[in-house]
2 protein chains.
Amino acid sequence: MNPTIQDVANKANVSIATVSRVLNDLPGYSEKTKQKVLQAIEDLGYQPNAIARGLVNRKTGTIGVLFPSVSGLLSAEVLHGIEAQASEEGHSVIVCNTEADEDKTLKYIQLLSEKRVDGLVFVSEEVTDVYYKALSRMGVPVVLVSTQSFQYPLPYVKVDDRHAAYTATRHLIQAGHTQLGMISGNEKDLIAGIPRMEGFKQAIMEAGLPFQESQIEKQLSFTYEAGQEGFKTLLTRHPEMTAVFAASDEIAIGAFSAAYEMGISIPGDVSVVGYDNLKLAEMSVPPLTTIAQPFQRMGEKAVEMVLQMNRGKGAESCILPHVLIERKSVSSRN
Amino acid sequence: MNPTIQDVANKANVSIATVSRVLNDLPGYSEKTKQKVLQAIEDLGYQPNAIARGLVNRKTGTIGVLFPSVSGLLSAEVLHGIEAQASEEGHSVIVCNTEADEDKTLKYIQLLSEKRVDGLVFVSEEVTDVYYKALSRMGVPVVLVSTQSFQYPLPYVKVDDRHAAYTATRHLIQAGHTQLGMISGNEKDLIAGIPRMEGFKQAIMEAGLPFQESQIEKQLSFTYEAGQEGFKTLLTRHPEMTAVFAASDEIAIGAFSAAYEMGISIPGDVSVVGYDNLKLAEMSVPPLTTIAQPFQRMGEKAVEMVLQMNRGKGAESCILPHVLIERKSVSSRN
DNA sequence: TTGTACGCGTTATCAG
DNA sequence: CTGATAACGCGTACAA
């Protein structure tokens with residue numbers, strides 16, 4: 001049905017070896033035969049079969065990506081970067097939505113392994129030992145995005161969460177706020193939970209401001225609903241509060257909604273700074289001041305690393321810089 | 001390196017044919033040998049090579065998806081549905097970001113063709129004749145999502161844009177509004193542009209309300225910025241306006257922002273209904289009343305159709321139902 | 001410069 | 001019930 005390299009060879013009156021040569025432009029044929037071959041390819045509408053090619057080369061030109069949630073605003077941006085860089089380097093990407101479920105994740109790793117992907121990117125999820133075992137059995141490069149493993153030597157790309165949280169909090173302090181609160185996501189989360197709380201605390205301590213645990217409202221997730229909930233309980237507990245650091249943009253926007261219901265003006269009564277810089281952040285009223293994570297760049301970098309690794313070179317983990325994006329949700333008290 | 005079916009056969013003292021049989025549970029072997037084989041597979045940690053399998057079966061278990069933008073909120077939801085259904089049916093999906101660029105799109109079609117995907121899903125983009133030519137050369141099922149082709153017989157899945165716009169507008173009218181406006185996206189867009197404008201007009205006519213073209217503000221895109229811009233010019237042109245239908249949620253949220261700047265209260269002064277029902281819509285202040293497109297279901301349906309088609313059966317296009325989601329951005333004048 | 005022939009890992013046909 | 005063996009489409013030493 002689809003013409004094969006053999007058909008091309010016949011039509012051009014050469015051997016398949018020669019066709020293969022011009023296809024991969026290797027040396028070893030005259031200009032004249034090259035033209036004949038090219039012509040035959042054109043005439044037949046020949047398209048090389050990447051499957052057959054993959055079988056012999058042991059390279060599929062495909063990398064797999066594991067997301068805990070593909071519909072998350074965040075994943076979409078990381079995926080964008082991954083796809084761009086992969087395409088740039090002539091690879092394609094297979095997306096997998098694990099829903100943070102162990103069975104599903106394991107099944108996907110198995111699947112990607114059978115499909116012989118050249119490497120994979122593991123996003124925003126903790127690497128448990130079962131995962132690691134499955135991953136290392138594949139024998140292909142793996143790089144982590146927006147997460148990291150303390151037990152296993154997997155290279156990662158992320159921002160410095162603690163530092164970023166520090167930056168956010170410091171911004172609030174420099175604007176003259178002294179009564180600060182934080183709405184945190186999951187406090188069990190070793191990556192996005194704890195470090196951000198520590199950064200918050202550190203900034204406060206350094207400024208010589210008083211600190212007590214009740215200033216941090218610990219929610220279970222980083223969602224909009226958590227933000228609504230968290231803002232309410234935080235402000236009833238500490239009515240004097242004048243600024244809050246939200247551990248994610250979604251939380252921040254949830255806080256906006258709660259504030260609106262409570263008749264609290266932002267940034268008039270209380271200032272808010274978020275974390276992530278999703279599209280959302282520029283579309284809110286008021287536009288959200290937030291810490292930008294370079295999601296797209298993170299995706300790109302991860303792919304670069306994977307590809308570099310299976311060129312034989314090792315790859316070092318990297319911490320990408322975060323940036324504070326000033327918009328309209330913080331007011332100055334100076 | 002990776003154990004092959006041959007290794008398993010050796011270890012179990014059987015032929016590769018037998019191993020293949022138990023692998024694909026075909027009939028023809030005793031329980032005893034089955035156990036031996038299974039044991040060998042277990043011991044070796046054997047994983048079938050999907051590439052080799054694909055070569056002989058002429059089926060890769062992979063489908064390709066073409067998006068004009070992967071980072072769009074909308075694409076993320078469609079992708080979610082696609083991935084879910086594909087995974088459900090044992091397939092994986094390769095994502096491609098065309099950026100609505102012809103060259104890129106063509107290159108991707110070529111790539112997917114070489115990778116011998118079993119079918120593909122084409123999202124939110126017009127099927128030009130070059131595309132169609134490339135597509136049909138592949139000889140695999142193609143289904144359109146959120147778009148449709150008038151020239152070519154490609155099955156699609158979408159909502160009835162005209163009807164949905166009608167529903168939205170009618171909702172405004174039934175709430176007692178008589179001075180309606182619309183912020184439209186690209187008026188050249190045969191799918192998302194024109195039909196929605198027609199639906200808007202139709203609802204107004206049917207209600208016996210006066211209509212003039214200036215009630216529709218035509219923007220170039222469906223973005224947030226278009227919404228900001230559009231709302232301003234629309235309301236300066238028609239200060240008497242009390243309700244507006246936005247051709248997308250992003251436009252609606254942009255309108256919220258503009259309204260805020262202009263000191264116009266929503267829904268106090270003017271009511272707004274959006275279109276899409278993105279995550280965004282529930283997170284805005286006030287929460288946005290909007291037309292829900294079942295994006296996830298659309299993605300699912302599309303892969304169902306693709307898979308069904310390469311089982312030999314044809315697939316009919318389908319119009320999925322839209323639903324009006326009432327939230328807080330519309331006030332009643334009755 | 002060009003062609004032959006083997007191998008990549010499976011499935012499927014056919015003979016035992 | 002089981003085992004050779006021919007495809008599948010391509011890359012590549014090796015020979016010519």
Side-chain angles (χ1 to χ4, degrees), chain A residues 1-38 40-41 44-62 110-118 138-139, chain B residues 1-38 40-41 44-62 90 111 113-118 138-140:
Chain A
M1 210 213 61
N2 261 315
T4 76
I5 200 175
Q6 186 61 259
D7 299 327
V8 176
N10 294 149
K11 178 132 192 167
N13 285 319
V14 297
S15 72
I16 63 170
T18 298
V19 177
S20 178
R21 291 193 186 93
V22 348
L23 240 32
N24 305 295
D25 48 28
L26 298 175
Y29 48 80
S30 69
E31 181 62 23
K32 206 179 64 188
T33 60
K34 173 175 178 180
Q35 291 311 326
K36 274 197 307 184
V37 171
L38 257 23
I41 288 178
L44 269 42
Y46 166 76
Q47 296 175 309
N49 183 327
I51 299 302
R53 201 172 250 177
L55 188 56
V56 22
N57 286 338
R58 295 153 167 292
K59 287 257 169 278
T60 54
T62 304
Q110 172 70 22
L111 182 70
L112 293 174
S113 182
E114 294 188 3
K115 294 224 166 153
R116 299 297 192 266
V117 296
D118 296 338
M138 300 185 54
Chain B
M1 210 213 60
N2 262 315
T4 77
I5 200 175
Q6 187 61 261
D7 299 327
V8 176
N10 293 151
K11 177 131 192 167
N13 284 318
V14 296
S15 72
I16 62 171
T18 297
V19 177
S20 178
R21 289 194 186 91
V22 346
L23 239 33
N24 304 295
D25 49 26
L26 300 174
Y29 48 79
S30 69
E31 181 61 24
K32 205 179 66 188
T33 60
K34 173 175 178 179
Q35 291 312 326
K36 274 196 308 186
V37 171
L38 256 25
I41 288 177
L44 268 44
Y46 166 76
Q47 296 176 310
N49 183 326
I51 299 302
R53 201 173 252 177
L55 186 58
V56 27
N57 287 339
R58 294 153 166 294
K59 287 260 169 275
T60 54
T62 304
L111 182 69
S113 182
E114 294 188 2
K115 295 225 165 152
R116 298 299 192 266
V117 295
D118 296 337
M138 300 186 53
V140 300

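From a predicted model like this one, the values you see are computed outputs, not experimental measurements.
The side chain of A/Arg53 contributes no N or O atom lying less than 4.0 Å from OP1 or OP2 of D/dC10. A sub-4.0 Å separation between OP1 or OP2 of D/dT2 and a side-chain N or O of B/Thr33 is present. Proximity of A/Ser30 to the phosphate of C/dT2: a side-chain N or O atom is located under 4.0 Å from OP1 or OP2. OP1 or OP2 of D/dA4 has not a single side-chain nitrogen or oxygen of B/Ser15 nearer than 4.0 Å. Taking side-chain N and O atoms only, A/Arg58 has no distance below 4.0 Å to OP1 or OP2 of D/dG11.
For B/Lys34 and D/dT2, the NZ to P distance is 13 Å, given to the nearest whole Å. Residue A/Lys32 contributes atom NZ, which lies 13 Å from atom C1' of C/dT2 at whole-angstrom precision. Between B/Tyr46 atom OH and C/dG9 atom P the separation is 10 Å, expressed in whole Å. Here the P atom of nucleotide C/dC8 and the NZ atom of A/Lys59 are 16 Å apart, to the nearest Å. Between the CG atom of A/Leu23 and the P atom of D/dG11 there is a distance of 6 Å, rounded to whole Å. Atom CG in A/Asn57 sits about 17 Å away from atom P in D/dG9, given to the nearest Å. Put simply, CD1 on A/Ile51 is 14 Å from P on C/dT11, counting in whole angstrom units. Here C/dA12 presents its P atom at 7 Å from CG of B/Leu26, a figure rounded to the nearest Å.
When heavy atoms are screened at a 4.0 angstrom cut-off, B/Asn24 is found touching the sugar-phosphate backbone but no base atom. Residue contacts for A/Pro48: at a heavy-atom cut-off of 4.0 Å it reaches the sugar-phosphate backbone alone, with no base atom in range. Using a 4.0 Å heavy-atom cutoff across all strands shown, A/Thr18 reaches sugar-phosphate atoms only and no base atom.
Side-chain contact check for B/Val37 versus B/Arg21: every heavy-atom pair is 4.5 Å or farther apart. Contact of the A/Glu31 side chain with the A/Gln35 side chain is registered, since non-hydrogen atoms from C-beta on lie closer than 4.5 Å. A 4.5 Å side-chain heavy-atom check between A/Thr33 and A/Val22 finds every atom pair outside the cut-off.
Within a 6.0 Å sphere centred on NZ of A/Lys59, heavy atoms belonging to other residues, nucleotides or ligands number more than 12.
Non-hydrogen atoms lying under 4.0 Å from DNA chain C are contributed by B/Thr4, B/Ile5, all within residues 4-13 of chain B.
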Show each protein N/O and nucleotides 13-15 of chain C N/O combination with a separation under 3.5 Å, one pair to a line.
none

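Shown here for A/Gln47 and B/Arg116, the closest heavy-atom pair between the two residues is O-NH2, 3.3 Å. Considering every non-hydrogen atom in both A/Ile51 and B/Gly54, the closest pair reads CG2-C, 4.1 Å. Between B/Asn2 and B/Asp7, the closest heavy-atom pair is O-OD2, 4.3 Å. In this structure, A/Gly45 and A/Pro3 approach most closely via the heavy-atom pair O-CG, 4.0 Å. A/Ile5 and A/Tyr46 get closest at one heavy-atom pair: N-CE1, 3.5 Å.
Atom CG in B/Asn57 sits 8.0 Å away from atom CG in B/Asn24 (nearest 0.5 Å). Taking CG from B/Asn49 and CG from B/Leu55, the interatomic distance works out to 10.0 Å, rounded to the nearest 0.5 Å. Rounded to the nearest 0.5 Å, atoms NZ (A/Lys115) and OG1 (B/Thr60) are 6.0 Å apart. B/Leu26 CG to B/Thr18 OG1: the interatomic distance, rounded to the nearest 0.5 Å, is 11.0 Å.
Listed nucleotides: C/dC8, D/dG11, C/dA12. Nearest to the side chain of A/Leu55: C/dC8. When distances are taken from the side chain of A/Asn49 to each of C/dT11, C/dC8, D/dC10, the shortest belongs to D/dC10.
Comparing A/Ile16 and A/Tyr29 along DNA chain C, the residue whose closest nucleotide (by nearest heavy atom) sits nearer the 5' end is A/Tyr29.
The overall bend of the helix from C/dT1-D/dA16 to C/dG16-D/dC1, read as the angle between its terminal helix axes built from five base pairs each, is 40° when rounded to 10 degrees.
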